[in-house]
There are 2 protein chains.
Amino acid sequence: MSVGLEVDLASAVPVWEQVRAQVVAHVAAGRLRPGDRLPTIRALATDLGVAPGTVARAFRELETTGVVVTRRRAGTQVAAGAVAADDGLRAAAAAYARAAHAAGLTPDAALDLVRGVLLATPARAESAAGRR
Amino acid sequence: MSVGLEVDLASAVPVWEQVRAQVVAHVAAGRLRPGDRLPTIRALATDLGVAPGTVARAFRELETTGVVVTRRRAGTQVAAGAVAADDGLRAAAAAYARAAHAAGLTPDAALDLVRGVLLATPARAESAAGRR
DNA sequence: TCCGATGTATTGATGTGCCGATACATTGGT
DNA sequence: ACCAATGTATCGGCACATCAATACATCGGA
C-alpha cells in the first residue's frame, strides 16, 4: 500500500465512491499534499481487484471537483488548488466529531445532523458554479 | 404544510431518503420534539404526490433508528428517546457549518470532510447495537 | 359491535447505476 | 521516430433500488 486505500467490495456504497471519499479525506487531513502523486489507474485497479474504469470514475470525479489534476503521461496528482482544510475548519470538524462521539451518535446519525445544519444555512451564494 | 416537508421528485436522491433526512434534521434541530405527531402516511403521500409505500419506507427507517415510534391507530410520533442534539453538539455543528461556509466549501465537500474525520475516529465502541 | 382511519405487506414494472472488458488517444522519454 | 506507460472512451450486461398500485391487518371510537 502506498497511500493506504482500501475498499469493501461487498459494501453498498459504490467502489468508485469509496475511493473518491478516501482521497478527499486524505487531502483534507493533509496526509496527501498538493503535488503528491496518486497511484496509476491500472495499478490501483489491480491492487483493489476492480476494473480500470472503476478507478477512472473516481479520479474523474476528483478532477471535476478540483481535488486532483491529471496529465496524460504524468499520472494523477493532488491539485495545487486543493488546499487541505485550514486549521480552524479542521479543528471545528474535530470538535464536532468528539462531541458526536461523546453523545453516542453513530457516524451516520452525526452526518445526518450536520447535513441538516448545512441545509439550513442561509443560502450560500452559488459560488463555485456546478461544483457537485 | 404542517411540519414543512418538501421533496424534489427530480432529484437523484430517493424521495424516501429525502423525507427521512428532513425528519431527522427537524428532530435534531428541536423543531420536532418527542411526542409531536407527524402527518399520516397517506396525508403526506398525497401532499407530496407520491405513493403511500414511499412515505412508509421513510417512516420505517425512522422507526428502526429509534427516531419515531408508531402505533397502529395512533399514527406516527417522535419517539421519547429521540432527544434533540444537546446544545454542545448543536453548537459544534453550527460552528463547523459556519467555518465550512466561510472557507467556501460546498455542502458536499463539507460533508466529505466530516465523514473523513468521523471515520478516522479511534474505533467507537460498538455501543448502540444495530443502530444503523 | 361496527366502521373508518391508520400502518403494513406484496407484487411488479421501470429505470438506472455500477462494473467489467476492451479498444483508443496522447504524451514524454530514449 | 518510436514505444511504452498512462489516462479516456465506449459498450453491454447484470443487478438492484425505487416507486406505484393495491390489498391486508389492526386498532380505537361511536
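What you see is a predicted model; the values in this text were computed from it and never measured. Reminder, nothing fancy here: chain letters follow the sequence lines and each chain counts from 1.
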* Does a nitrogen or oxygen in the side chain of T76(A) sit under 4.0 Å from OP1 or OP2 of dG7(D)? -> yes
Which distance, rounded to the nearest 0.5 Å, do you find between the [atom1] of [X] and the [atom2] of [Y]?
X	Y	atom1	atom2	value
W16(B)	T54(B)	CH2	OG1	11.0 Å
E6(B)	Q18(B)	CD	CD	10.5 Å
D108(A)	R115(B)	CG	CZ	9.0 Å

* What is the 5' to 3' range of DNA chain C, first to last nucleotide, that sits under 4.0 Å from any heavy atom of chain B? -> dG4(C) to dT8(C)
* Salt bridge check: are E17(B) and R20(B) linked by an N-O gap of less than 4.0 Å? -> yes
* With nearest nucleotides of DNA chain C determined for L9(A) and G53(B) from heavy-atom distances, which residue corresponds to the more 5′ nucleotide? -> G53(B)
* Within the modelled atom types, does a donor on one side and an acceptor on the other bring the side chain of R72(A) and the base of dA5(D) under 3.5 Å apart? -> no
* For the side chain of R71(A) and the base of dG7(D), is some donor closer than 3.5 Å to an acceptor across the two? -> no
* Listed nucleotide nearest any side-chain atom of R42(B), set dT8(D), dC24(D), dC27(D) -> dC24(D)
* Which listed nucleotide (dA20(D), dG7(D), dA4(D)) is nearest to the side chain of A51(B)? -> dA20(D)
* Asked: How large an angle, rounded to 10°, do the end axes of the helix from dT1(C)-dA30(D) to dT30(C)-dA1(D) enclose when each is built from five base pairs?
  -> 30°
